[in-house]
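When a residue number appears, it is its place in the shown sequence, counting from 1.
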Amino acid sequence: MKISPKLAALNFKRFQEFKETFDLTTAKQALLAFKGDVYRGITAETYSKTDFDFAQGHLRIISGLYGICRRFHH
């Protein structure tokens, strides 16, 4: 994939810790769960209800693991 060793190690660790079983105690909304360089400009912690409603209808996050996610992936 031609990614840095640091990013490769981070993603390897994430995949090792991945649990297929859905668990409400560890589940997060896609918009709040995705972090990293490309998501740095998304300041979801400052969103109003109106902002979250707009994001639900318009924002899509592409994940190699989950596919295309809406804000509340369900």
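Closest approach of Asp51 and Thr46 over heavy atoms only: OD2-O, 4.5 Å. Pairing each heavy atom of Ala55 with each of Tyr47, the nearest pair is CB-CE2, 4.4 Å.
Note on Ile3: it clusters hydrophobically with Leu10, by side-chain heavy-atom contacts below 4.5 Å among ILVMFWY residues.
For the side chain to side chain donor-acceptor pair (under 3.5 Å) test, no residue two or more places apart in sequence or in another chain qualifies with Ser4. Every side chain to side chain donor-acceptor pair (under 3.5 Å) that Lys49 has, sequence neighbours left out, goes to Asp53.
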